[in-house]
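What follows is a set of notes on a single structure, which appears directly below.
No experiment lies behind these values; they were computed from the predicted model shown.
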There are 2 protein chains.
Amino acid sequence: MGVRKARAAQTESALKEAARRQFAERGYLNTKITDITAAAGRATGSFYEHFSSKDDLLQALLADMHGQAREELAGDAHPPHDLAAPGQLRDHLAVAWQVMRDNRPVMTALLEAAMTAGPASGALWDRLAQDTGVLREHLEYLRDQGRPLPGDPALIAAAMGAMLSMLAYALLPADPEAGHAAGPPAGTAAGPPGRAIDPQTGLPEPRYPDAEIVDSLARLLLHGLAGPAGTP
Amino acid sequence: MGVRKARAAQTESALKEAARRQFAERGYLNTKITDITAAAGRATGSFYEHFSSKDDLLQALLADMHGQAREELAGDAHPPHDLAAPGQLRDHLAVAWQVMRDNRPVMTALLEAAMTAGPASGALWDRLAQDTGVLREHLEYLRDQGRPLPGDPALIAAAMGAMLSMLAYALLPADPEAGHAAGPPAGTAAGPPGRAIDPQTGLPEPRYPDAEIVDSLARLLLHGLAGPAGTP
DNA sequence: GTCTATATACAGATAGAC
DNA sequence: GTCTATCTGTATATAGAC
């Protein structure tokens, strides 16, 4: 690769990386092209040498994400199985949550983009249907086994996806390091409490650890509010 | 009330009504002030005589909605009760779904507005927390009764609210008349099938009847994917 | 209060030098 | 390819006549 192309590629990834950070901090819709170029340390005009629009950039980020996922999953056969078996649902949810955490800027941006199109456009349904395609197939498999499901596989899959993606949007912290720990690091004398109170709104800052979210959702989606059989 | 004030009030409600229609058709973010005034048959400048901004108008619509809800619920005592009892959850979900249907323009607008603020702002969490306050109290009541819940009441309530509001956004039709019927009206010779295929995207138009949505979500949220106890 | 006409602001996109 | 400088489109908001 020539040195000019290398420089160009460097600029392109600088723009992408800057975009990811800006999307996470300000949200996709609030981010201006100039925010991205400024954060990347480039001039405004350079942007259009690499992407034709903000949406074009988002699609590129999405493609990167898919490519990475394809790599990681290479060779991982994923045979049909019983999602309702003891640990299965929790494990699947944990993976899904981790994927959303790792790609939070892209996931949130896609959600924001789907909403700007308005409710009548069907863009949000399309997104839900796309994101929950695999889940839908799992449910269809269960149904074909004669298992009674709570409803149409596509609808149930979409409902679960809606819950998951909206919670991820609302709860995943912008800082990719936060949220992993179960508590404050040992040795900190008087760290902030689990949930700080926002002085502006008076509402508690939601700071659920990842594990609690995944466990709670797994229990809710596996056995519902009534709980597993045999509970008083 | 004088005739001038009456005319003014008429304009104000015309603007509100036009806004509701525009929000439902184009979405809140896509709707321009001029779209509203044009649809109301008024001049652009008149808008600011009644509202200081699009957000101000939205707050007015929200206040109207709350006022109406207060009227309808006047005198309806709502004592603590067991949400997990047989028909209770379904009934509550049905009411919630109906409220969202009746106020779809406002509900979807609030969701869009919360998302423009970006993920880091916490606006979406605040909205979820506000919309699910009553549900959270019900869950806290259950917990205090010694019932084992799948997780923290506020988290579970938010998860259910997320599922419900996002599905409402994606699935509720803009036309307030559609979706009530269980099937095509009797007498129609060869009406369209239950789900039309969008020629643009090739994806199926989602057209679940309200009852199916409510029933499916009730089953999912009450007993989960595993189904009620005693199922093979 | 309502209208027409216009001002303000700013994001998106381009032109041309280097 | 990258930069600086600029143009265009458009939504919001205001001014002033009626």
- prompt: Could you walk me through whether Y28(B) and Q22(B) pass the side-chain contact (heavy atoms from CB on, under 4.5 Å) check?
  reply: CA-CA 8 Å; Y28(B) 173 72; Q22(B) 294 293 308; over 6 Å; no

- prompt: Is any NZ, NE, NH1 or NH2 atom of the basic residue among R21(B) and E25(B) found under 4.0 Å from an Asp or Glu carboxylate oxygen of the other?
  reply: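 Answer for the salt bridge query: no.
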
Identify, with sequence neighbours excluded, every residue that meets salt bridge (Lys or Arg N to Asp or Glu O under 4.0 Å) alongside [X].
{"X": "D91(B)", "answer": "none"}
{"X": "R42(B)", "answer": "none"}
{"X": "D56(B)", "answer": "none"}

task: Do nucleotides 13-18 of chain D as a string where each nucleotide becomes B, S or -: B if the base has a protein heavy atom under 4.0 Å, S if just the sugar-phosphate does, - if no protein is that close.
output: BB----

query: For the helix from dG1(C)-dC18(D) to dC18(C)-dG1(D), what is the angle between the axes at its two ends, each from 5 pairs, rounded to 10°?
result: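 It comes to 10° between the two terminal axes.
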
- request: Looking only at side-chain atoms of K32(B), point me to the closest of dT4(D), dT12(D), dT2(D).
  value: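 Between dT4(D), dT12(D), dT2(D), the one nearest the side chain of K32(B) would be dT12(D).
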
- prompt: With respect to the phosphate group of dG1(C), does any side-chain polar atom (N or O) of S46(B) fall under 4.0 Å of OP1 or OP2?
  reply: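 Checking S46(B) against dG1(C): no side-chain N or O falls below 4.0 Å of OP1 or OP2.
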
query: Any side-chain donor paired with an acceptor under 3.5 Å for D126(B) and Q130(B)?
result: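 Side chains of D126(B) and Q130(B): no pair found under 3.5 Å.
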
- prompt: Does a donor on one side chain and an acceptor on the other come within less than 3.5 Å for E112(A) and Y169(A)?
  reply: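 Side-chain D/A pair, E112(A) to Y169(A): present.
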
message: At a heavy-atom distance below 4.0 Å, what parts of residues 11-26 of chain A sit against DNA chain C?
response: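 Listed by number, there are none.
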
message: Working note: Q68(B) + D64(B), criterion side chain to side chain donor-acceptor pair (under 3.5 Å); need CA distance, chi angles, decisive distance, verdict.
response: CA-CA 6 Å; Q68(B) 196 181 342; D64(B) 287 356; over 6 Å; no

- request: Please answer whether the main-chain N or O of I213(B) pairs with a side-chain N or O of S216(B) as donor and acceptor at a distance below 3.5 Å.
  value: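 Looks like no, no N/O pair under 3.5 Å.
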
task: Kindly indicate, with the supporting measurements, whether the criterion salt bridge (Lys or Arg N to Asp or Glu O under 4.0 Å) is fulfilled by D131(B) and R127(B).
output: CA-CA 6 Å; D131(B) 289 350; R127(B) 172 126 306 282; 3.2 Å; yes

message: In this structure, how many angstroms lie between the P atom of dG1(D) and the CZ atom of R7(A), rounded?
response: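 Distance, rounded to whole Å: 13 Å.
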
